[in-house]
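Contents: one structure, followed by commentary.
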Amino acid sequence: MRRLVIDVVAGDYAVTRFEPGTALPADLLTATGLVSVTSTPDEVSVVAPAGVTPEGGRTEPGWRLLTVRGPLEFTLTGIMASIAGSLAAAGVSLFALSTFDTDHVLVHDSDLARAVTALREAGHDVHTS
């Protein structure tokens, strides 16, 4: 696995679950920071900065965002496995998501220091702001 450059993004994030078909605020996707909306037949999940988290769902606050610097080619393998494996070995749970350009993981704020240490010990270059 090649050495990854990972940025710890400033600010708190939240993950929220809504019932299927729930309408979300139109301005959600214009918020500053990473916003991810995933819809399945069973739920709508939103990852967003804590200050713009829509109300009305079941929210899990207190997440911190780590982003792999990209863009990453689709042919690359093992990126998420390397991150997840390093964090699992350190006892850090994660919430993972990917975009067209790169991969992201969220860890609980209380686990951030352990996550950074584990990723650095795995040989990754982790930048905190």
Side-chain angles (χ1 to χ4, degrees):
M1 162 86 313
R2 72 181 208 177
R3 180 180 202 180
L4 300 173
V5 178
I6 302 169
D7 293 309
V8 177
V9 178
D12 292 324
Y13 277 77
V15 179
T16 305
R17 182 200 186 281
F18 296 94
E19 292 300 316
T22 299
L24 298 172
D27 62 347
L28 178 63
L29 294 179
T30 62
T32 301
L34 180 136
V35 175
S36 177
V37 177
T38 305
S39 178
T40 73
D42 300 318
E43 67 175 299
V44 174
S45 289
V46 175
V47 175
V52 300
T53 300
E55 294 185 13
R58 188 176 85 213
T59 298
E60 295 288 331
W63 294 89
R64 293 297 306 274
L65 175 65
L66 292 86
T67 296
V68 178
R69 284 194 196 166
L72 303 172
E73 298 295 324
F74 284 119
T75 56
L76 295 175
T77 61
I79 293 170
M80 196 58 77
S82 176
I83 293 170
S86 298
L87 295 179
V92 175
S93 63
L94 64 87
F95 186 100
L97 58 100
S98 296
T99 62
F100 191 92
D101 285 340
T102 194
D103 293 321
H104 310 270
V105 296
L106 293 105
V107 299
H108 287 283
D109 186 56
S110 59
D111 293 331
L112 181 61
R114 278 189 326 175
V116 168
T117 298
L119 293 169
R120 286 180 175 155
E121 287 176 355
H124 301 302
D125 186 10
V126 182
H127 294 257
T128 58
S129 52

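Computed from a predicted structure; not experimentally measured. In this chain, residues are counted from 1 in sequence order.
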Is it possible for you to say whether [X] and [Y] belong to one hydrophobic cluster, with membership spreading through side-chain heavy-atom contacts below 4.5 Å?
{"X": "Leu112", "Y": "Val9", "result": "no"}
{"X": "Leu87", "Y": "Ile6", "result": "yes"}
{"X": "Val47", "Y": "Val35", "result": "no"}
{"X": "Val126", "Y": "Trp63", "result": "no"}

Checklist outcome for this item: CG (Asp42) and OG1 (Thr40) are apart, to the nearest 0.5 Å, by 4.5 Å
Taking all atoms of both residues into account, what is the closest heavy-atom pair of [X] and [Y], and its distance?
{"X": "His108", "Y": "Ser93", "value": "CD2-OG, 3.7 Å"}
{"X": "Arg64", "Y": "Gly11", "value": "NE-O, 3.1 Å"}
{"X": "Ser39", "Y": "Val44", "value": "OG-CG2, 3.9 Å"}
{"X": "Thr102", "Y": "Gly70", "value": "OG1-N, 4.1 Å"}
{"X": "Pro61", "Y": "Ala14", "value": "CA-CB, 4.1 Å"}
{"X": "Ala84", "Y": "Leu94", "value": "CA-CD2, 3.7 Å"}

Checklist entry - After noting the C-alpha distance and the side-chain angles of Leu34 and Leu97, does the key distance pass the side-chain contact (heavy atoms from CB on, under 4.5 Å) rule? => result CA-CA 11 Å; Leu34 180 136; Leu97 58 100; 4.1 Å; yes
Next on the checklist: Apply side-chain contact (heavy atoms from CB on, under 4.5 Å) to residues Leu29 and Val37 and explain how you reach the verdict.
Outcome noted: CA-CA 9 Å; Leu29 294 179; Val37 177; 4.2 Å; yes
Checklist outcome for this item: Residues at least two apart in sequence or cross-chain that pass side-chain contact (heavy atoms from CB on, under 4.5 Å) with Thr128, listed by chain then number, are Val8, Val116, Arg120
Next on the checklist: Please determine whether side-chain contact (heavy atoms from CB on, under 4.5 Å) holds for the pair Val15 and Val46, giving the CA-CA distance in whole Å, both sets of side-chain angles, and the decisive distance to 0.1 Å.
Outcome noted: CA-CA 6 Å; Val15 179; Val46 175; over 6 Å; no
Checklist outcome for this item: For Val5, the hydrophobic cluster (side chain heavy atoms closer than 4.5 Å, chained through members) also holds none
Item to check | side-chain contact (heavy atoms from CB on, under 4.5 Å) between Leu66 and Val107, worked out | outcome: CA-CA 8 Å; Leu66 292 86; Val107 299; 3.7 Å; yes
Item to check | Qualifying side chain to side chain donor-acceptor pair (under 3.5 Å) pairs with a residue from residues 23-33, counting only residues at least two apart or across chains | outcome: none
Checklist entry - So which pairs with a foot in residues 48-62 pass side chain to side chain donor-acceptor pair (under 3.5 Å), sequence neighbours left out? => result Thr16-Thr59
Item to check | Any Met80 side-chain heavy atom under 4.5 Å of Val68 side chain | outcome: no
Checklist entry - Is there a donor-acceptor pair under 3.5 Å between the side chain of His124 and the backbone N or O of Leu4? => result yes
Item to check | Ser86 side chain vs Ala122 backbone, donor-acceptor pair below 3.5 Å | outcome: no
Checklist entry - Can you tell which of Arg69, His127, His104 makes a side-chain hydrogen bond (donor to acceptor under 3.5 Å, both in side chains) with Asp7? => result Arg69
Item to check | Residue pairs, two or more places apart or on separate chains, that pass salt bridge (Lys or Arg N to Asp or Glu O under 4.0 Å) and touch residues 9-23 | outcome: Arg17-Glu19
Checklist entry - Going by the ring-ring contact (aromatic ring centres under 6.0 Å, His included) test, which pairs reach into residues 10-30, not counting sequence neighbours? => result none
